[in-house]
Novice: 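The structure under discussion is supplied below as structure tokens; questions concerning it will follow.
Everything numeric here is computed off the predicted structure, so don't read it as measured data.
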Amino acid sequence: KSLFTEILKDCQRTKDESKLAVAYENLGKFLPYGDPAKLKNLELSFDSYEALKMKEKQLDVLSEIVVIYFMSDWTMAEK
């Protein structure tokens, strides 16, 4: 987790939006289920990809988000 966090901070410092989106995505994907930061980082990645108009990457991240909802919040997943 600390390595991903360092990479994320470096991307924020350099203001490289595409690398930042990937860093959020990777951190979100590799955190364990149940860690609240997992969903938050995936959502940040989704928003970054949206701003970059990278629809395919948005769909990849959205599929990860849906899995989290199905595993933890059936009410939200049904929406």
Novice: Measure the spacing between CD of Gln58 and CG of Leu52 and express it to the nearest 0.5 Å.
Specialist: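 One gets 9.0 Å once the value is rounded to the nearest 0.5 Å.
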
Novice: I'd like to check the side chain to side chain contact (heavy atoms under 4.5 Å, CB included) partners of Ser63; sequence neighbours left out, ordered by chain and number.
Specialist: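 Not a single residue meets the side chain to side chain contact (heavy atoms under 4.5 Å, CB included) criterion with Ser63.
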
Novice: Strictly by ring-ring contact (aromatic ring centres under 6.0 Å, His included), give each pair with a member in residues 8-27 just once, sequence neighbours left out.
Specialist: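 Listed once each, the pairs would be none.
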
Novice: Which value, rounded to the nearest 0.5 Å, describes the distance between Asp60 atom CG and Ser45 atom OG?
Specialist: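 With rounding to 0.5 Å, CG (Asp60) is 9.5 Å from OG (Ser45).
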
Novice: The criterion is ring-ring contact (aromatic ring centres under 6.0 Å, His included); which residues satisfy it with Phe4, sequence neighbours excluded?
Specialist: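 Per chain and number, Phe4 pairs via ring-ring contact (aromatic ring centres under 6.0 Å, His included) with Phe30.
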
Novice: List for me each residue that meets side-chain hydrogen bond (donor to acceptor under 3.5 Å, both in side chains) alongside Thr5, sequence neighbours excluded, and say none if there are none.
Specialist: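 With neighbours one apart ignored, the set is empty.
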
Novice: Find out whether Val22 and Tyr49 are in side-chain contact, i.e. whether some heavy atom of one side chain is under 4.5 Å from a heavy atom of the other.
Specialist: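 Counting from C-beta outward, Val22 and Tyr49 do come under 4.5 Å.
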
Novice: Which residues satisfy the salt bridge (charged side-chain N to carboxylate O under 4.0 Å, His left out) test with Glu64, sequence neighbours excluded?
Specialist: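 Applying salt bridge (charged side-chain N to carboxylate O under 4.0 Å, His left out) to Glu64 gives none.
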
Novice: Hey, could you give me the CD/CD distance between Gln12 and Glu17, rounded to the nearest 0.5 Å?
Specialist: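 Between Gln12 CD and Glu17 CD, I get 9.5 Å after rounding to 0.5 Å.
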
Novice: Kindly write out the residues that satisfy salt bridge (charged side-chain N to carboxylate O under 4.0 Å, His left out) with Asp47, not counting sequence neighbours, or none if the list is empty.
Specialist: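 Residues passing salt bridge (charged side-chain N to carboxylate O under 4.0 Å, His left out) with Asp47: none at all.
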
Novice: Any chance you could measure Phe46, atom CZ, to Asn41, atom CG, to the nearest 0.5 Å?
Specialist: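 Going from CZ on Phe46 over to CG on Asn41, the span is 15.0 Å.
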
Novice: With a 4.5 Å cut-off on side-chain heavy-atom distances among I, L, V, M, F, W and Y, is there a chain of contacts connecting Tyr33 to Leu42?
Specialist: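 Yes, same cluster.
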
Novice: Is there a donor-acceptor pair closer than 3.5 Å between any side-chain N or O of Ser48 and the backbone N or O of Leu44?
Specialist: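 Indeed, once roles are kept as given, a pair shorter than 3.5 Å links the two residues.
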
Novice: Output the distance between atom CG (Leu20) and atom NZ (Lys9), rounded to the nearest 0.5 Å.
Specialist: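 Between Leu20 CG and Lys9 NZ, I get 13.5 Å after rounding to 0.5 Å.
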
Novice: Using the test salt bridge (charged side-chain N to carboxylate O under 4.0 Å, His left out), find all partners of Lys29 that sit at least two apart in sequence or belong to another chain.
Specialist: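 Lys29 satisfies salt bridge (charged side-chain N to carboxylate O under 4.0 Å, His left out) with Glu25 only.
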
Novice: Kindly write out the residues that satisfy side-chain hydrogen bond (donor to acceptor under 3.5 Å, both in side chains) with Asn26, not counting sequence neighbours, or none if the list is empty.
Specialist: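 Result, side-chain hydrogen bond (donor to acceptor under 3.5 Å, both in side chains) vs Asn26: none returned.
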
Novice: Distance check, rounded to the nearest 0.5 Å: Glu43 atom CD versus Leu62 atom CG?
Specialist: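 Interatomic distance, Glu43 CD to Leu62 CG, rounded to 0.5 Å: 10.5 Å.
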
Novice: What pairs with Asp35 under side chain to side chain contact (heavy atoms under 4.5 Å, CB included), at least two apart in sequence or on another chain?
Specialist: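 Lys1, Leu31, Pro32, Ala37.
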
Novice: I need the minimum non-hydrogen distance between Leu8 and Ala23, along with the two atoms involved.
Specialist: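 Scanning both residues, the minimum pair turns out to be CD1-CB, 3.7 Å.
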
Novice: Report yes if the side chains of Lys19 and Thr14 come closer than 4.5 Å at any heavy-atom pair, otherwise no.
Specialist: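 With C-beta onward as the side chain, the pair stays apart.
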
Novice: Compare every heavy atom of Lys38 with every heavy atom of Ile68, then report the nearest pair and how far apart it is.
Specialist: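 Of all heavy-atom pairs spanning Ile68 and Lys38, the closest is CD1-CG, 3.8 Å.
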
Novice: Could you list the residues that satisfy side chain to side chain contact (heavy atoms under 4.5 Å, CB included) with Leu59, not counting sequence neighbours?
Specialist: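 With sequence neighbours excluded, Leu59 shows a side chain to side chain contact (heavy atoms under 4.5 Å, CB included) to no residue whatsoever.
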
